4 protein chains.
Amino acid sequence: MPSGRKRSESSRQAILEATRSLLLEVGYERLTIDQIAARAGVGKQTIYRWWASKGEVVADAALDDGVTPHPVALPDTGAIRADLQTWLRQWVTDITTPEGTGLILALTAAGSDNKTLADRLYTQFSAPHEDRIRDRLRRAQSEGQLRADADLESIASTLVGALLYRVLGRNRPPTTQDADHLVELVLRGAEA
Amino acid sequence: MPSGRKRSESSRQAILEATRSLLLEVGYERLTIDQIAARAGVGKQTIYRWWASKGEVVADAALDDGVTPHPVALPDTGAIRADLQTWLRQWVTDITTPEGTGLILALTAAGSDNKTLADRLYTQFSAPHEDRIRDRLRRAQSEGQLRADADLESIASTLVGALLYRVLGRNRPPTTQDADHLVELVLRGAEA
Amino acid sequence: MPSGRKRSESSRQAILEATRSLLLEVGYERLTIDQIAARAGVGKQTIYRWWASKGEVVADAALDDGVTPHPVALPDTGAIRADLQTWLRQWVTDITTPEGTGLILALTAAGSDNKTLADRLYTQFSAPHEDRIRDRLRRAQSEGQLRADADLESIASTLVGALLYRVLGRNRPPTTQDADHLVELVLRGAEA
Amino acid sequence: MPSGRKRSESSRQAILEATRSLLLEVGYERLTIDQIAARAGVGKQTIYRWWASKGEVVADAALDDGVTPHPVALPDTGAIRADLQTWLRQWVTDITTPEGTGLILALTAAGSDNKTLADRLYTQFSAPHEDRIRDRLRRAQSEGQLRADADLESIASTLVGALLYRVLGRNRPPTTQDADHLVELVLRGAEA
DNA sequence: CTATAAACGAGACGGTACGTCACGTCTTGGG
DNA sequence: CCCAAGACGTGACGTACCGTCTCGTTTATAG
């Protein structure tokens, strides 16, 4: 029977919020646990008690934030190309804001350092996007809009990867127009 | 007129070599200047004298390494799809070795932290690849293998981005087959 | 009229016993409340509820232990020198055991830090010894064995102090023979 | 051939001076390495590089201070009792100042915790006093002022121990008069 | 026979200090 | 002027304890 004081939800929130704000101010590499604790008004041990590393805190901070995993399902108006464009345009807008780009850079750095964390970040951040796209593609395929032999996994992965690559490159962040072109490029050959 | 002792080439080499080996052993984040100096048998000052930051050393270490920027030009047998596949298959093989993946992860982490460095890395590492692909595509276009309105920049960027995305994701590193499929996917709609 | 649960005697005992054993294992400085609580199987609050500081717990642990304040009265065979020697020999034996020395070192450290505690320790630990010696000396004086102008306080304090000094010094712990010599030294000039 | 930067004498001095002042302000137990470093304007590592523990720093701080080991030799006017009294009176005055008492309490606490340190403190602090006293006693003995069988070691140790005991007890710090009485007490039986 | 109130074991909390590591700079002595 | 060595002030690391504060749970008295 577990006794003892319960985990403080307010501390948990304060830590994640402090992490998010510091991430935008100083970036992942210069982010320190000391800073997070100080800004959150929390003892360092309270962070170490519940998270194994800076990367874990950052991951939770990003994923806890409603914005990032962007749970919006793809629209289904019947026109696959338009629906994909609508959705990707919105996603590009989100990830090219300072907040969005900052979180992506932070999560990438975090994942670079830690395979376990990289897996978790892929599963919770990238995979849901790919899944949503693939599901919508599958519907289109069953409706005969896409060829039966189109590699839907590959299309979804390429769409997400190509845009993230431009965000990570930093000098040519993707635009909504880029999103449109990209959809055209990869769909052209897949359409029936 | 410069007097005094000349810069030691052997120290420079030792530093870059030590950096490369440590990068594979401990990764970018846990790499330290102290370690590099110790392994290279070099004073720390000698590192700080010639490089501004850990990221710069890592960038030089990676780019100095013949393997990574992979200076091989694309073949030109006349068949654009086959040539692209040949080249990309080789590149995928290179970047999915432990050394290749390690360096890419390190460079990504380094670039996440530093916009200036990110630009340099893009210019010296990614851009040459995109350029080579785009040049070959252009030739194919002028030969009438590709449609006149195909967005060659976009194709090149997508090919590179989609594969790097899979390397960074770590759980599904790209295979030579993936490279083939990817070329098919993006070329299908661009071919005349 | 107080209601509610009574103080747990078993917890009190467990705390003092845990304190004694830990004191011998790690010494006063490395002794922690957390350790005591863990070994005693007790919540930390139960310690803080009843004791104000580590020093207080240690003092109670030492004084609760029958051994230390050694309540044995001095014998009175009529021969002051022999009686003193008998008693001091026993005391030296007690305080040079590992347990005895450990407690004295702990109490000394505790008293060094805290004037209030130092007073209490003196009153409950040293003073009773001096008092017993002085009372026996007084009897001897009234019997004419000691000169009327002998400074009995001073003699008692010197006997106790000289032996404790050797215990604290650690490299030359006093022997029963030392006790004999000491009695001879200070009594020789005081005897009638 | 040892190269590299030399140890900073100014840092060493600043550390010992900071330690002395903090010792008087907060006492041994509440003294922290962080505090010492901050007040001395020094990095913590500079302390840990040269001293193994808080106790070592305190010992050096005390012994480096000219006051404490009080290198004054005993006078030799020919009258052993008067010479001893003169010297002990001065010593009592020194060790009953706030500074003197503070250092003694600190050194006692330090020695309680660490046998090695206790030995060093005895050797460098107490032993020199006992030695000086014993040497003077020996001279007196050879001049026939003291009995040939007087235990000079024991006398010296008793004088030092009895006075330090009163300092440690805190409630009855020794006076110059106490010093006089003590000399009388232990010499009376030893004089020829 | 219940309330209710205090003490209990447990353990999370905001903090302070620990001793270590790495930073980037400075000093030393030697090419 | 460069170099290897290495001490320096700074600051973050992750851990250990501090003394306080909830949490149920247990044990006594009071109604």
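Values below: every heavy atom of this structure, side chains too, minus hydrogens, waters and symmetry copies. Order of the sequence lines fixes the chain letters, A, B, ..., with proteins taken first and strands second; residue numbering starts at 1 for each chain. In this text, all values refer to a predicted model and were calculated from it rather than measured experimentally.
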* To do: Give the C-alpha distance, both sets of side-chain angles, the deciding distance and a yes or no for salt bridge (charged side-chain N to carboxylate O under 4.0 Å, His left out) between C/R20 and C/E25.
  => CA-CA 9 Å; C/R20 274 191 291 271; C/E25 293 172 24; over 6 Å; no
* Asked: Ion pair present between C/D113 and C/K54, side-chain N to carboxylate O less than 4.0 angstrom?
  -> no
* D/I15 to D/T19 - nearest heavy-atom pair and separation -> O-OG1, 2.7 Å
* Answer with yes or no whether the side chains of B/Q13 and B/E9 bring together a donor and an acceptor at under 3.5 Å. => yes
* **B/S/- contact track for nucleotides 6-11 of chain F, protein heavy atom under 4.0 Å** => BBBSB-
* Are C/R39 and C/D34 close enough for a salt bridge, meaning some N to O gap below 4.0 Å? -> no
* **Rounded distance in Å - NZ (A/K54) to C1' (F/dA12)** => 10 Å
* Asked: Checking C/R7 against C/W50: charged group under 6.0 Å from the ring centre and within 45 degrees of the axis?
  -> yes
* Under 4.0 Å from any atom of DNA chain F, heavy atoms only: list the residues of residues 29-38 of chain A that qualify, in numerical order. => A/T32, A/I33, A/D34
* Could you tell me the separation between the CG atom of A/L168 and the OG1 atom of A/T101, rounded to the nearest 0.5 Å? => 9.0 Å
* **Nearest-angstrom distance from the residue atom CZ of B/R12 to P of F/dC3** => 12 Å
* For atom CD1 of D/I47 and atom C1' of E/dA17, their distance in whole Å -> 13 Å
* With the threshold set at 4.0 Å, does a side-chain nitrogen-carboxylate oxygen contact exist between A/D119 and B/R170? -> no
* Asked: To the nearest angstrom, how far is A/D113 atom CG from F/dC13 atom P?
  -> 14 Å
* Structure fact -> Rounded to whole Å, the CH2-C1' distance (C/W51 to F/dG19) equals 16 Å
* For B/Y48 and E/dT27, give me the distance from atom OH to atom P, rounded to whole Å. => 17 Å
